[in-house]
Asker: 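Pasting in a structure now, in structure tokens, and then I'll have a few things to ask.
Count residues from 1 along the sequence.
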Amino acid sequence: GGDWGSLITTNMAQMKPECVKGLHVNMIITNRNFKTLLSLIIGPYLPFLVGFTREDVRRLFPFFEKNVWNILRESGYLHIQATKPDSAGRGLNDSPVGLAAYILEKFSTWTDMNNRDLDDGGLDRKYTLDELLTSVMIYWTTRSIIPSMRFYKENFKTNFDKRVDASVGVYVPSGLAAFPGEIMHCPKAWAKMKYVNIYSYTLMPRGGHFAAFEEPQLLADDILQFVKKVE
């Protein structure tokens with residue numbers, strides 16, 4: 001699972017562990033607590049004390065500039081969809097160009113943050129225009145942008161940290177793929193707070209949020225090596 005799929009598959013492993021032989025995610029969800037806060041303070045200076053590797057330090061710090069600032073810049077859509085999905089969605093359902101602009105901006109930025117500085121958004125660096133148009137048309141022909149946005153409002157009614165799944169560990173064999181272009185890096189030291197039985201944790205060499213779309217071979221290879229370890 002990736003994106004919401006990461007949460008959904010994690011929930012499946014939490015709710016029905018006897019039915020899940022293994023869990024592989026490429027967006028790693030962890031709990032925010034005192035330990036993560038402490039590691040953010042100590043990590044840049046004494047990473048070994050909090051279980052950070054050199055690559056963790058490189059991907060995480062400076063924390064505010066690289067992560068908090070990016071989250072602030074990239075989460076405007078989340079606030080809209082978690083509060084006023086029908087207002088924005090009605091406009092998108094009425095304009096194919098508006099819908100394309102709304103969706104393709106994410107394919108640009110979340111594939112590579114540096115694409116923000118390019119005039120064309122770097123869309124064809126990883127994808128063909130036909131591939132991107134296919135994604136847009138799925139929403140356009142089914143008129144499904146509003147329910148996909150309302151999903152955020154339904155899930156953000158309550159504090160995520162107070163949900164039952166936030167306090168339940170994942171005990172099935174887990175494979176975690178950390179792509180460098182993901183909006184927030186999750187070190188293995190953090191992942192272990194939730195995913196108790198980690199069979200593999202891979203620092204992927206390239207790729208962003210849309211891992212299966214951007215780097216299908218890299219993701220497939222990681223899934224296959226994880227499956228072999230589980231079997």
Side-chain angles (χ1 to χ4, degrees), residues 1-17 20 22-75 78 82 110 113 151-152 155-204 207-212 219 222-223 226 229-230:
D3 196 84
W4 281 105
S6 177
L7 176 64
I8 292 165
T9 53
T10 295
N11 287 166
M12 291 167 65
Q14 290 170 315
M15 296 170 69
K16 287 286 186 179
V20 179
L23 168 68
H24 187 282
V25 297
N26 59 268
M27 190 175 87
I28 308 165
I29 301 168
T30 189
N31 302 332
R32 293 173 292 181
N33 52 34
F34 177 74
K35 189 174 180 180
T36 58
L37 178 62
L38 184 65
S39 64
L40 286 174
I41 297 171
I42 299 174
Y45 311 104
L46 299 168
F48 59 92
L49 286 182
V50 292
F52 285 178
T53 65
R54 288 184 179 180
E55 183 62 15
D56 289 328
V57 172
R58 190 185 72 80
R59 294 188 184 191
L60 269 180
F61 302 104
F63 183 73
F64 185 84
E65 291 178 22
K66 290 182 70 174
N67 290 283
V68 175
W69 178 237
N70 272 336
I71 290 171
L72 287 172
R73 289 189 68 177
E74 295 302 321
S75 58
L78 188 152
W110 287 7
M113 293 292 180
F151 187 71
Y152 284 73
N155 277 278
F156 282 94
K157 284 179 180 177
T158 56
N159 187 337
F160 254 75
D161 292 334
K162 294 182 179 179
R163 286 168 39 138
V164 174
D165 57 343
S167 60
V168 176
V170 178
Y171 294 92
V172 305
S174 301
L176 313 176
F179 284 84
E182 188 61 84
I183 194 166
M184 179 74 180
H185 174 63
C186 180
K188 186 176 181 180
W190 289 357
K192 288 194 296 187
M193 298 179 203
K194 189 175 191 77
Y195 300 92
V196 180
N197 194 7
I198 298 176
Y199 272 49
S200 73
Y201 175 94
T202 310
L203 288 165
M204 306 302 282
H209 182 71
F210 304 102
L219 183 62
D222 196 65
I223 292 172
F226 166 68
K229 287 181 180 178
V230 174

Asker: Can N155 and W4 be said to form a side chain to side chain contact (heavy atoms under 4.5 Å, CB included), step by step?
Answerer: CA-CA 11 Å; N155 277 278; W4 281 105; 3.8 Å; yes
Asker: Any chance you could lay out the side chain to side chain contact (heavy atoms under 4.5 Å, CB included) test for T202 and F226, step after step, and finish with the verdict?
Answerer: CA-CA 10 Å; T202 310; F226 166 68; over 6 Å; no
Asker: From L176 CG over to C186 SG, what is the distance, rounded to the nearest 0.5 angstrom?
Answerer: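 Answer rounded to 0.5 Å: 7.5 Å.
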Asker: Once you round to the nearest 0.5 Å, how far does CZ of R59 lie from CD of E182?
Answerer: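 The CD atom of E182 is 10.5 Å from CZ of R59, to the nearest 0.5 Å.
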Asker: Provide the closest heavy-atom pair for Y152 versus L78 in the form atom of the first, atom of the second, distance.
Answerer: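 Minimum heavy-atom separation between Y152 and L78: CD2-CG, 4.2 Å.
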Asker: For the pair K229 and S200, evaluate side chain to side chain contact (heavy atoms under 4.5 Å, CB included) and give the outcome as yes or no after the intermediate values.
Answerer: CA-CA 8 Å; K229 287 181 180 178; S200 73; 3.7 Å; yes
Asker: Report the C-alpha distance between W110 and F179 in whole Å, list the side-chain angles of each, state the deciding distance to 0.1 Å, and finish with yes or no for ring-ring contact (aromatic ring centres under 6.0 Å, His included).
Answerer: CA-CA 11 Å; W110 287 7; F179 284 84; over 10 Å; no
Asker: Could you measure the distance from the OG atom of S6 to the CD1 atom of I29? Nearest 0.5 Å is fine.
Answerer: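 Here the interatomic distance stands at 4.0 Å.
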Asker: Compute the centroid of each ring, for W69 and then for F63, and state whether the two points are separated by less than 6.0 Å.
Answerer: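 Centroid separation for W69 and F63: 6.0 Å or greater.
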Asker: Walk me through it: do M184 and N70 pass the test side chain to side chain contact (heavy atoms under 4.5 Å, CB included)?
Answerer: CA-CA 9 Å; M184 179 74 180; N70 272 336; over 6 Å; no
Asker: Evaluate the side-chain proximity of R163 to N11: yes if any heavy-atom separation is below 4.5 Å, no if none is.
Answerer: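 Yes, side chains in contact.
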Asker: Do L23 and Q14 have side-chain heavy atoms sitting under 4.5 Å apart?
Answerer: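 Side chain of L23 against side chain of Q14, heavy atoms only: no contact under 4.5 Å found.
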Asker: When you measure from the side chain of E74 to the backbone of I183, do you find a donor-acceptor pair of N or O atoms at a distance under 3.5 Å?
Answerer: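 No; zero donor-acceptor contacts below 3.5 Å.
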Asker: To check you understand the geometry: which heavy-atom pair defines the closest contact between A177 and D222, and what is its length?
Answerer: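 Where A177 meets D222 most closely, the heavy atoms are CB-OD2, 3.6 Å.
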Asker: Rounded to the nearest 0.5 Å, how far apart are CG of D165 and CG of L7?
Answerer: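 Going from the CG atom of D165 to the CG atom of L7 covers 6.0 Å.
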Asker: Please check if atom CE in M113 has more than 12 non-hydrogen atoms from other residues, nucleotides or ligands closer than 6.0 Å.
Answerer: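 For M113, atom CE is crowded (more than 12 foreign heavy atoms under 6.0 Å).
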Asker: Check whether any side-chain N or O of D56 sits under 3.5 Å from a backbone N or O of T53 as a donor-acceptor pair, and report yes or no.
Answerer: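 Answer holds: yes.
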Asker: For Y195 and S174, which heavy atoms make the closest approach, and how far apart are they?
Answerer: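 Closest pair (atom of Y195, atom of S174, distance): CD2-OG, 3.7 Å.
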Asker: Hey, what do you get for NZ (K192) to CD1 (I198), rounding to the nearest 0.5 Å?
Answerer: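 The distance works out to 7.0 Å.
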Asker: Would a distance-only check, ignoring hydrogens and angles, find a side-chain to backbone donor-acceptor pair under 3.5 Å from D3 to H209?
Answerer: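 Not confirmed, D3 side chain does not pair with H209 backbone.
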Asker: Can you tell me how far the CG atom of N33 sits from the NZ atom of K194, to the nearest 0.5 Å?
Answerer: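 Those atoms lie 11.0 Å apart.
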Asker: Give a yes or no answer on whether the side chain of T30 reaches the backbone of I28 with a donor-acceptor pair at less than 3.5 Å.
Answerer: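 No, T30 side chain to I28 backbone: no donor-acceptor pair under 3.5 Å.
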Asker: Taking the inter-plane angle between the rings of F52 and F61 on a 0 to 90° scale, is it parallel (under 30°), tilted (30 to 60°) or perpendicular (over 60°)?
Answerer: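 Ring orientation of F52 relative to F61: tilted.
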Asker: Could you pull out the closest heavy-atom pair between S75 and I71, with the gap in Å?
Answerer: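 In this case the closest contact between S75 and I71 is OG-O, 2.6 Å.
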Asker: Under 3.5 Å, sequence neighbours excluded: what are the donor-acceptor pairs made by side chains of residues 38-48?
Answerer:
from : atom 1 : to   : atom 2 : distance (Å)
S39  : OG     : K35  : O      : 3.3
S39  : OG     : T36  : O      : 2.7
S39  : OG     : W190 : NE1    : 2.8

Asker: Report yes if some heavy atom in the side chain of L219 is under 4.5 Å from a heavy atom in the side chain of N26; otherwise report no.
Answerer: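 Of all side-chain heavy-atom pairs linking N26 with L219, at least one is under 4.5 Å.
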Asker: Check this for me: M15, atom CE, are more than 12 non-hydrogen atoms of other residues, nucleotides or ligands nearer than 6.0 Å?
Answerer: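 Atom CE in M15 is not packed in, count stays at 12 or less.
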